[in-house]
Amino acid sequence: MASTNPPVITRFAPSPTGHLHVGGARTALFCWAFAKRYGGHFLLRIEDTDAARSSDESARGIMEDLAWLGIHWDEGPELSWVPRHSARGKPEQSSNTVGSSPLAERGSTHTDATIGGDPRGVGPFFQARRIAIYNEHIMRLVEQGKAYPAFESEETLSAEKKLAEQAKRNYRYNRASYDNVADIKDRVRMIERGEPHVIRFFAPHQEIAFTDQVLGDVKIAPGEVDDFIIRRKDGFPMYNFAVVVDDHAMGITHVLRAQEHLSNTPRQIALYRAFGFAPPLFGHMPLIMNMDNTKMSKRDKAKAARKALKDALAKQAGGAGQPPELASAIGVDANQLTDFLSAENDSQLIAEAIARHFKITLPEIEVADFRDAGYTPEAINNFLALLGWNPGMKLPDGKDLEKFDMDFLAQHFAIDRIGKTNSKFDRAKLLSFNADSIGAMTDEQFSQRWFDWCEEHAKPLAAKASEWTATGEDACATPRWLWLSKAVKPRAKTFRDGVKSCGFVMLDSVTIDPAVAAKHLDANNGEGRALLREYRSRIASLPAFEPTPIHDVIEQLAKEKGYPHPGTIAQAVRVAIAGVPVTPGIGETLAVLGREETLKRMDAAC
């Protein structure tokens, strides 16, 4: 390693086989924070040697999710990244958040156009582009007698495993290929001739011990590590081999990862010893669990969709069978749906189709899910940081310090504050964090960030807002969008909540349920309709059709009619313009619709 290497180099090395799981995001966050704490580098490597499951689309999606979170890598694949609102105004600091930078700045207003790069010349950072490097290291081990080709067929190995199972003992490869071809030069010649083979590591019969930075001393008895495969027949390296070669070549000093990887560590240390490399320090972090103590995984979506499907079937006659018409209505193959129902598959596509059909919300698991649900990156980072770690600090009132930003995390993160027990993913707490994040924004900041979110995740509303703009005008700066934003912000715990509050904006026409009309318009001899007509006549001639004068008119009318508050009038107005008695404030609601649309809807209701 060159003398110019940073004192600490951590890495996050995801496989691009899908979206970024929040557990992976937590790992990346901790690796990033530890590197920043000690003036080091955080490196991103894409482990794409599983060609059948890996995709460039998934790799880019993972990088974009990390960039959106503000977990920017110092070294790794380059990503052009300009956040949608990087030119927006700076948010204010929340009074409940500790840190030197504004809460909403981190992970959302970074203005670097490119993330990543190769300042030390240790790339490439995609494993599929490093095959020649792996082959060179494999042949080194073969030539030293520390690895060997194995030529058994799958049928032979399956038969041996079946015999072990029948004998009720763990299967262990018998080193037949090693014994049958004892001469190293013969092994090399067979490899060069291209005979079908895998490469196995010759595991020494010795104890493997290391000090885990989180769990403490770990010891593996001699003989526990078998002759595991380090290169498949297709020529691609296995995970445990490639990661050792790469971590050494890239100068990784600390490997922080989830406890589910603990079983890989003895094999990796054995490889480090075989190469004569100094291993990095390992730290295995607690797993992230659901509140019911089940492991949080992508399968949770399938479980939720399966329950909805079973509930629907239970309501049908007999509660049994798989009606073909249901599969057709959902838009999936009937056989695949049957397999999904019996848990033969956990297809995410089927789960999403079921969710759309039954109008249910699947649990957020990947970072992309939380983005779509309207969470802010700063709230997610703050919440994830507390899953297995805490700063160990108190607020003046004696409560634990839990609200902080990314600068605070980078300044105070330490491995010795990582716990050993599994963490629970408390969605109610995350939602509370997100509500605080939105609450800390000024009205202008919320307007800007909400519009940016809508452009990606609620495009019809963003398109409607764009209709309110003059040529060259920023849609999120128009008075009508600002009024709408200000109206929905107080009740919005997520950006999507804001969309749910303003369905009235998207109506082409208003349909009023007869029961609603009877209650709010026709009761008491048509009191509601009479109030609606009078209110309509007064606001029609307002010089400025804006929230304050619109609100003043309804207050004045209520006072004249002797009502203690304008609720009776307001509900009649809401039913007329939205079809329901609940909308944001009357002043903002009507001002957003505009004079012409408001009067048209009122006339239709009168």
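Throughout, numbering of the chain's residues begins at 1 and tracks the sequence.
- For S432, the side chain to side chain contact (heavy atoms under 4.5 Å, CB included) partners are D436, not counting sequence neighbours.
- Residues I577 and T589 form a side-chain contact, since some pair of their non-hydrogen atoms from C-beta on lies under 4.5 Å apart.
- A cation-pi contact, defined as under 6.0 Å to the ring centre and within 45° of the axis, links R26 to F30.
- For H565, the ring pair (Phe, Tyr, Trp, His ring centres under 6.0 Å) criterion is met by no residue, not counting sequence neighbours.
- Side-chain contact check for T469 and S466: no donor-acceptor pair (N or O, by modelled atom type) lies under 3.5 Å.
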Would you give me the side-chain donor-acceptor pairs under 3.5 Å for residues 524-531, sequence neighbours excluded?
unit_1	atom_1	unit_2	atom_2	d
N524	ND2	E527	OE1	3.2
E527	OE2	Y563	OH	2.4
R529	NE	D522	OD1	2.6
R529	NH1	A605	O	2.3
R529	NH2	D522	OD1	3.1

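- For the salt bridge (charged side-chain N to carboxylate O under 4.0 Å, His left out) condition, no pair includes a residue of residues 507-520, sequence neighbours left out.
- Among residues at least two apart or in separate chains, salt bridge (charged side-chain N to carboxylate O under 4.0 Å, His left out) pairs with a member in residues 561-580 are E534-K561.
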Stepwise side-chain contact (heavy atoms from CB on, under 4.5 Å) test for F451 and L461
CA-CA 9 Å; F451 182 80; L461 181 58; over 6 Å; no
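- Every residue was checked against the side-chain hydrogen bond (donor to acceptor under 3.5 Å, both in side chains) condition with Q348, not counting sequence neighbours, and none meets it.
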How far apart are the C-alpha atoms of L66 and H72, what are their side-chain angles, what is the distance that settles it, and do they pass the side-chain contact (heavy atoms from CB on, under 4.5 Å) test?
CA-CA 7 Å; L66 289 172; H72 298 158; over 6 Å; no
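- Contact annotation: the side chain of L387 approaches that of F383 to within less than 4.5 Å [non-hydrogen atoms, C-beta and beyond].
- Counting heavy-atom neighbours within 6.0 Å of H19 NE2, excluding the residue itself, gives a total of 12 or less.
- Using a 4.5 Å cut-off on side-chain heavy atoms (C-beta onward), L542 and R595 make contact.
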Show every donor-acceptor pair shorter than 3.5 Å between a side-chain atom in residues 303-313 and any protein atom, with sequence neighbours excluded, or say none if there are none.
unit_1	atom_1	unit_2	atom_2	d
R306	NE	F340	O	2.6
R306	NH2	F340	O	3.2
R306	NH2	N345	O	3.1
R306	NH2	D346	OD1	2.7
K307	NZ	D311	OD2	3.0

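- Residues L44 and W32 are not in side-chain contact: their nearest non-hydrogen atoms beyond the backbone lie 4.5 Å or more apart.
- Listed by first and then second residue, the salt bridge (charged side-chain N to carboxylate O under 4.0 Å, His left out) pairs that reach into residues 73-82 are K36-D74, E75-R120, sequence neighbours excluded.
- Looking at residues two or more places apart in sequence or on another chain, you find no side-chain hydrogen bond (donor to acceptor under 3.5 Å, both in side chains) involving D552.
- Enclosure of atom NZ in K486 is not indicated, since only 12 or fewer non-hydrogen atoms of other residues, nucleotides or ligands lie within 6.0 angstrom.
- Scored by the side-chain hydrogen bond (donor to acceptor under 3.5 Å, both in side chains) test, K429 finds E402 as partners (sequence neighbours excluded).
- By the 4.0 Å N-to-carboxylate-O rule, E378 lies too far from K403 to be salt-bridged with it.
- A side-chain donor from one of D300 and N290 sits under 3.5 Å from a side-chain acceptor of the other.
- Not counting sequence neighbours, the partners of F370 by the ring pair (Phe, Tyr, Trp, His ring centres under 6.0 Å) test are Y375, F425.
- With 3.5 Å as the limit, one finds a donor-acceptor pair spanning the side chains of S447 and W481.
- For K394, the side-chain hydrogen bond (donor to acceptor under 3.5 Å, both in side chains) test picks out D400, with sequence neighbours left out.
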